[in-house]
Amino acid sequence: MINDWLSALRLEAPNRSTAETTLISLMVATLAVAATALVIYGAYFGLITALVLRAMFFSLIAAGGLLVVGLKSKWLWLRALSYALAPLALLPGLHIQDSYMAIVMRGGMAQSIDMWIFAGLMAALVLLVIRSVGWALLILVLLAVGYAMLGHLIPGEYGHRGYTLRRLASMLMLSTEGIYGVPMGVAVQYIFLFALLGNLLMKIGTGEVFVDLARGLTGRMRGGPGLTAALSSTMLGTINGSAVANVVTTGTFTIPLMKRAGYSANLAGAIEAAASSAGQILPPVMGAAAFLMAEIIGVPYATIALAALIPGLLYVLALMIAVWLEAGRLNLARDTSAGLHLLKDVLIRRGYLLLPLLGLIGFLAMGYTPTRAAVMCMVVALVISPFRAETRVGLVALTLVCRDTLMATLPIVVAVAAAGVVIGVLNLTGLALMLSGLIVDVAGGSLFGLLALTALVSFFLGMGLPTSAAYLLLAVLVAPALTRMGMEPIVAHMFIFYYGLVSAITPPVALAAYAAASISGGDANKTAVEAVRLGFVKLLVPFLFATMPGLLMVGTATEITLSAAMAAVGVSGLTLAFGGWFLAPLSGLERLALAVGSALVIWPSPVTDSEPQIIAARLVGLALVAVLIFRQTRKPA
């Protein structure tokens with residue numbers, strides 16, 4: 001029995017001895033369980049001081065991450081360094097917890113012991129950034145620290161008096177303005193907690209229910225496997241929030257299914273990648289950056305989730321239409337093993353596995369905080385899991401859920417900590433305000449120019465950084481510039497949020513597309529290009545809600561309804577134009593007319609704009625789209 005438990009908990013490390021692997025695996029599991037207990041206690045009872053909670057959380061995650069890095073390292077020196085830094089990573093949390101009142105009494109000013117602990121913390125953070133995030137963020141961290149310490153050498157308005165190591169330790173480690181700032185608070189209160197909920201739901205089989213539900217709803221339609229992939233990956237993403245994890249989870253089933261139905265390897269991978277990236281923009285859970293947005297703007301998370309609903313549904317609408325069009329163009333077969341009988345069977349036999357998600361929505365509607373609602377949903381999941389033998393979760397499985405959550409959230413937590421260093425320095429030196437003003441000056445006072453510049457900066461940051469880190473930096477540097485131009489805060493932050501996400505499918509990074517290509521056997525870059533074509537709405541919709549904020553539930557009911565209707569028509573028309581097929585092939589002239597008509601419908605102007613030329617343009621656009629679709633219905637197939 002014990003050997004079976006140890007075997008289940010043992011991490012994969014083929015080049016390590018069994019004894020070393022077992023020991024490190026047990027230590028990582030222990031740290032993961034401790035982090036889980038800390039997060040759940042803090043989420044439900046909320047009795048731990050913010051600085052102590054965040055410091056203890058990061059120490060546990062960092063120590064566990066360093067042990068994993070050491071175990072999987074090929075080089076002896078790196079393994080030894082990682083193992084040595086793991087206990088040092090635990091010190092800041094233990095030290096702050098033990099000396100919290102003393103730190104408060106001296107006004108958060110660092111002493112000699114604090115500076116030594118801070119040095120160890122930064123060393124651990126640097127190694128974790130290199131191994132789990134990448135060099136781009138490390139360069140930003142080193143530049144920020146260098147700028148803080150050597151600012152007195154920089155002439156002009158961007159120079160400053162310079163800050164000592166003692167001052168940096170006080171700001172970045174002994175306050176809630178640096179590593180343990182609001183972003184780390186979001187990581188401990190929301191990101192880890194909802195990742196834990198998602199992993200638990202996957203463990204009891206909710207993910208498989210999503211796939212079978214999607215097959216039941218769409219499998220009998222033309223190109224059903226593609227629609228199944230799009231719908232199931234989208235639904236799974238609402239409890240996962242990671243595009244790459246979605247691809248790896250559902251793609252192993254849906255991509256071979258699509259290829260058997262007749263989709264090419266590139267197209268099958270692209271559909272899976274585009275669908276998997278939808279979960280980050282869809283409520284109720286969404287990706288990690290949504291929780292950060294709620295805290296930074298200072299609004300309830302429910303407001304962010306509600307605002308994201310229409311744009312997210314527009315993306316799914318366009319994706320489903322595009323997949324259906326591809327199936328029709330290629331004359332693909334249906335999934336004869338799916339259909340309503342499968343849907344009925346799934347709902348009767350395994351529909352109870354959806355209760356935790358329904359409970360999450362119910363608890364939020366009843367006024368529970370998102371953190372308490374998540375804890376209650378985990379309780380519901382554990383209560384219903386014993387109903388069937390295959391969904392039961394024992395102690396070992398729960399431990400694995402904790403460990404998998406630690407490893408899944410490690411890159412996000414590390415990115416948040418590193419971004420906290422950069423943000424702390426920006427605030428300490430006042431550089432954030434200067435850069436925000438510089439961005440406005442470069443844009444020349446033009447809102448559209450500022451949006452285009454913001455989109456470009458967000459895209460490039462998203463290529464080198466995780467979504468959460470990119471969003472955090474953009475929220476500090478760019479969002480103030482957008483709000484200064486009169487844009488609503490939620491619109492400005494949602495804009496940079498979207499463009500920080502698109503790198504999941506856009507070359508040259510396109511991690512989700514590359515992961516899908518590795519499963520499909522297709523060309524990685526061609527898969528990414530196809531994914532962009534299918535998921536173009538992610539590039540379009542931010543500019544739509546910048547001029548039509550009703551798409552984010554900002555404005556009157558009439559404005560919201562008109563915005564949603566016009567956006568749906570425009571997005572659907574553009575999808576048809578890009579696909580080149582409806583009920584029959586579209587000619588080049590028809591595609592051009594559809595694109596022009598759709599663009600006129602979603603002309604970048606508020607829906608309440610009463611200028612005669614704007615109203616005329618939209619009416620002409622609607623007429624064009626309507627006439628062309630009607631003509632298609634009259635053509636022989």
Side-chain angles (χ1 to χ4, degrees), residues 214-215 217-231 234 254 257-275 313-336 338-340 520 522 526-527 529-537 539-541 565-602 617-637:
R215 288 184 65 205
L217 289 169
T218 63
R220 302 287 289 186
M221 299 172 66
R222 184 187 294 276
L227 294 172
T228 295
L231 190 57
T234 296
T254 58
L257 190 65
M258 284 188 280
K259 291 176 68 177
R260 286 197 299 271
Y263 289 94
S264 68
N266 293 334
L267 186 55
I271 291 171
E272 179 59 42
L313 292 177
L314 286 173
Y315 180 84
V316 175
L317 171 68
L319 179 61
M320 297 292 281
I321 292 174
V323 172
W324 181 76
L325 293 177
E326 290 295 327
R329 185 173 62 84
L330 298 172
N331 195 27
L332 299 182
R334 292 169 169 79
D335 182 1
T336 56
L340 294 179
S520 70
K526 290 180 180 178
T527 299
V529 171
E530 284 290 296
V532 172
R533 181 175 68 85
L534 296 172
F536 77 94
V537 172
L539 300 170
L540 172 67
V541 80
M566 285 194 293
V569 171
V571 163
S572 300
L574 287 173
T575 304
L576 293 174
F578 292 160
W581 196 92
F582 181 38
L583 299 176
L586 291 168
S587 67
L589 184 60
E590 286 175 324
R591 295 176 70 177
L592 177 62
L594 259 178
V596 171
S598 302
L600 289 174
V601 172
I602 54 176
R618 284 177 170 159
L619 289 175
V620 168
L622 278 171
L624 268 175
V625 173
V627 168
L628 286 166
I629 290 178
F630 179 74
R631 277 171 52 85
Q632 279 286 302
T633 63
R634 308 297 295 176
K635 282 185 180 181

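Along the sequence shown, residues carry numbers from 1.
- Between G570 and S598, the shortest heavy-atom distance links the atoms O-CB, 3.4 Å.
- Heavy-atom minimum distance, A567 versus L314: CB-CD1, 3.7 Å.
- Partners of R533 by side chain to side chain contact (heavy atoms under 4.5 Å, CB included), not counting sequence neighbours, listed by chain and number: L267, E326, E530.
- In this structure the side chain of L600 never reaches within 4.5 angstrom of the side chain of R618, judged on heavy atoms.
- Contact annotation: the side chain of L325 approaches that of F582 to within less than 4.5 Å [non-hydrogen atoms, C-beta and beyond].
- Shortest non-hydrogen contact noted between A577 and A595 is CB-N, 3.9 Å.
- Heavy-atom minimum distance, L319 versus A275: CD2-CA, 3.5 Å.
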TODO: Would you sort out whether R591 and L586 count as a side chain to side chain contact (heavy atoms under 4.5 Å, CB included), showing the intermediate values?
DONE: CA-CA 6 Å; R591 295 176 70 177; L586 291 168; 3.7 Å; yes
- [ ] Kindly determine whether L576 and I629 satisfy side chain to side chain contact (heavy atoms under 4.5 Å, CB included), including the steps that lead there.
- [x] CA-CA 9 Å; L576 293 174; I629 290 178; 4.1 Å; yes
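- Contact check for L539 versus V532: side-chain heavy atoms found under the 4.5 Å cut-off.
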- [ ] Evaluate the side chain to side chain contact (heavy atoms under 4.5 Å, CB included) criterion for residues L594 and L624: first the C-alpha distance (whole Å), next the side-chain angles of each, then the deciding distance (0.1 Å), finally the verdict.
- [x] CA-CA 7 Å; L594 259 178; L624 268 175; over 6 Å; no
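- Summarising the geometry of Y263 relative to I271, their closest heavy-atom pair is CE2-CD1, 3.7 Å, with the distance given to 0.1 Å.
- The closest side-chain heavy-atom distance from I321 to S572 is below 4.5 Å.
- Every residue meeting the side chain to side chain contact (heavy atoms under 4.5 Å, CB included) condition with L540, not counting sequence neighbours, appears here in chain and number order: F536, L544, V571, L574, I602.
- When all heavy atoms of A531 and A274 are compared, the pair lying nearest together is O-CB, 4.1 Å.
- In this structure, the separation between OG1 on T575 and CG on L317 is 7.0 Å, given to the nearest 0.5 Å.
- A donor-acceptor pair under 3.5 Å is formed between the side chain of K259 and the backbone N or O of S520.
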